[in-house]
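These notes are about the structure you will find just below.
What's counted below: heavy atoms across the whole structure, side chains too, no hydrogens, waters or symmetry copies.
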Amino acid sequence: MSRAPNLSRALVLETPVSVPDGAGGFSITWQALGTLWAEIRAGSGRERFAALGPAGEVRLRILVRGAPEGSDQRPRPDQRFREGARVFRILTVAEADVQGRYLICTAQEELPA
């Protein structure tokens, strides 16, 4: 890393939880694990074909402080970040530096249904 990150955005880390749906099945709800301060940068983009024609897709790079494996404060690919009404689905997580001081999460913003 060439510069110190600007961790100025408060993101809530959420994990999926299966709960009985009352009809013999399960549904997914999201449980907050805590708030992580982050820097969000636009990453790569691509065009894909959707039901109504071409649609753009941008991957985001979300930088957060490092946390050890197994910690509730270490994001995982099955989790997501929330910032108000915005939701960012975590796709990958990797160390940003050799010392593990920061993590880079590649994420996709989920659009409201």
Side-chain angles (χ1 to χ4, degrees):
M1 297 185 71
S2 59
R3 66 172 181 83
N6 180 16
L7 305 179
S8 61
R9 295 178 69 172
L11 303 180
V12 176
L13 179 62
E14 297 180 332
T15 195
V17 177
S18 293
V19 295
D21 65 6
F26 291 90
S27 63
I28 299 294
T29 62
W30 292 92
Q31 175 184 351
L33 297 176
T35 300
L36 302 179
W37 288 93
E39 176 180 271
I40 299 178
R41 297 184 198 164
S44 62
R46 69 179 187 149
E47 183 180 50
R48 64 179 173 78
F49 189 76
L52 300 175
E57 184 177 280
V58 176
R59 299 278 168 108
L60 302 169
R61 292 172 45 105
I62 299 177
L63 189 73
V64 297
R65 290 197 189 283
E69 290 284 342
S71 167
D72 282 349
Q73 296 298 299
R74 185 183 177 96
R76 297 189 322 256
D78 64 330
Q79 297 174 329
R80 69 186 191 181
F81 291 114
R82 176 177 294 279
E83 182 182 42
R86 297 178 75 183
V87 173
F88 306 99
R89 181 172 43 97
I90 301 170
L91 305 172
T92 64
V93 178
E95 278 80 16
D97 57 356
V98 177
Q99 297 83 12
R101 294 176 296 175
Y102 300 99
L103 299 171
I104 295 176
C105 303
T106 304
Q108 176 71 45
E109 185 168 5
E110 294 182 346
L111 300 176

**Study point:** For Val19, side chain to side chain contact (heavy atoms under 4.5 Å, CB included) partners two or more places apart
**Key:**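 In terms of side chain to side chain contact (heavy atoms under 4.5 Å, CB included), with neighbours along the sequence ignored, Val19 is linked to Val17, Ser27, Thr29.
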Exercise for review: Please list, chain by chain and in numerical order, all residues satisfying side chain to side chain contact (heavy atoms under 4.5 Å, CB included) with Ile104, sequence neighbours excluded.
Suggested key: Arg61, Leu63, Ala96
How close do [X] and [Y] get, counting heavy atoms only, and between which atoms?
X	Y	result
Leu103	Pro75	CD1-CD, 3.8 Å
Ile40	Glu83	CD1-OE1, 4.4 Å
Pro77	Leu91	CB-O, 3.5 Å

Point to revise | Linked, directly or transitively: Val87 and Leu60 (ILVMFWY side chains, under 4.5 Å) | key: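 No; Leu60 is not reachable from Val87 via cluster members.
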Check your understanding: For the hydrophobic clusters of this structure (ILVMFWY residues joined by side-chain heavy atoms under 4.5 Å, transitively), does one cluster hold both Leu36 and Leu33?
Key ->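 Yes; tracing contacts between hydrophobic side chains, which count when under 4.5 Å, links both residues.
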Point to revise | CD1 on Ile62 to CG on Leu11, rounded to 0.5 Å | key: 6.0 Å
Point to revise | Approximate separation, where rounding is to 0.5 Å, of Glu14 CD and Arg82 CZ | key: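 That separation rounds to 4.5 Å.
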Point to revise | Atom CZ of Arg74 with >12 non-hydrogen neighbours under 6.0 angstrom | key: yes
Heavy atoms, side chains only, cut-off 4.5 Å: are [X] and [Y] in contact?
X	Y	answer
Leu13	Gln73	no
Arg86	Glu109	yes
Phe81	Val64	yes
Phe88	Cys105	no
Pro16	Asp78	yes
Arg101	Arg65	no
Thr15	Arg76	yes

**Study point:** Pi-cation contact, Trp37 with Arg9 (under 6.0 Å, within 45°)
**Key:** no
**Study point:** Check: Glu39 side chain, Asn6 main-chain N or O, donor-acceptor pair, under 3.5 Å
**Key:** yes
Exercise for review: Would you check, one step at a time, whether the test side chain to side chain contact (heavy atoms under 4.5 Å, CB included) holds for Arg59 with Gln108?
Suggested key: CA-CA 5 Å; Arg59 299 278 168 108; Gln108 176 71 45; 3.5 Å; yes
